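Remarks on the structure that follows.
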Amino acid sequence: ADGVVRVANASAAGLLGLPHRVLRGQQLKDVAPELAELLDQARQTGDAAGQVRIERAEGTQTLAVRIGAADDADGLEPGRVAFRPADPRA
């Protein structure tokens, strides 16, 4: 759990505006800097959730994000990141 994207599905990649093959092996904070605050929160508290605005050439969208951290030798590290389009009524 070192912040490197190990698995990325096509739907997640599409929400980030990137080809899913590009995501694998990359630092999540580099390909989606908008998630940095939630990633830091997950490192400190064990999990994080919130809404994040993603701005790409294709447009801007708001995602509902949930991050669960795993405890490893270096402390808490973000493990699983899940996101979906946010409910516009929320």
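This is a predicted model, so every value here is computed, not measured.
- By the side chain to side chain donor-acceptor pair (under 3.5 Å) test, R56 is found to be paired with E34, residues two or more places apart in sequence or in another chain being considered.
- Here CZ of R53 is found 10.5 Å from CG of L63. Values are rounded to the nearest 0.5 Å.
- In this structure, I67 and A42 approach most closely via the heavy-atom pair CG2-CB, 3.6 Å.
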Sequence neighbours left out, cut at 3.5 Å: what donor-acceptor pairs do the side chains of residues 8-17 make with other protein atoms?
residue : atom : partner : partner atom : Å
N9      : OD1  : S11     : N            : 3.2
N9      : OD1  : A12     : N            : 2.6

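- Across every non-hydrogen atom of V65 and V52, the tightest pair is CG2-CG2, 4.0 Å.
- Expressed to the nearest 0.5 Å, how far CG of L23 lies from CZ of R6 amounts to 13.5 Å.
- Residue pairs meeting the salt bridge (charged side-chain N to carboxylate O under 4.0 Å, His left out) criterion with at least one member in residues 17-31, sequence neighbours excluded, do not occur.
- Looking at every heavy atom in both residues, A86 comes nearest to Q51 through CB-NE2, 3.7 Å.
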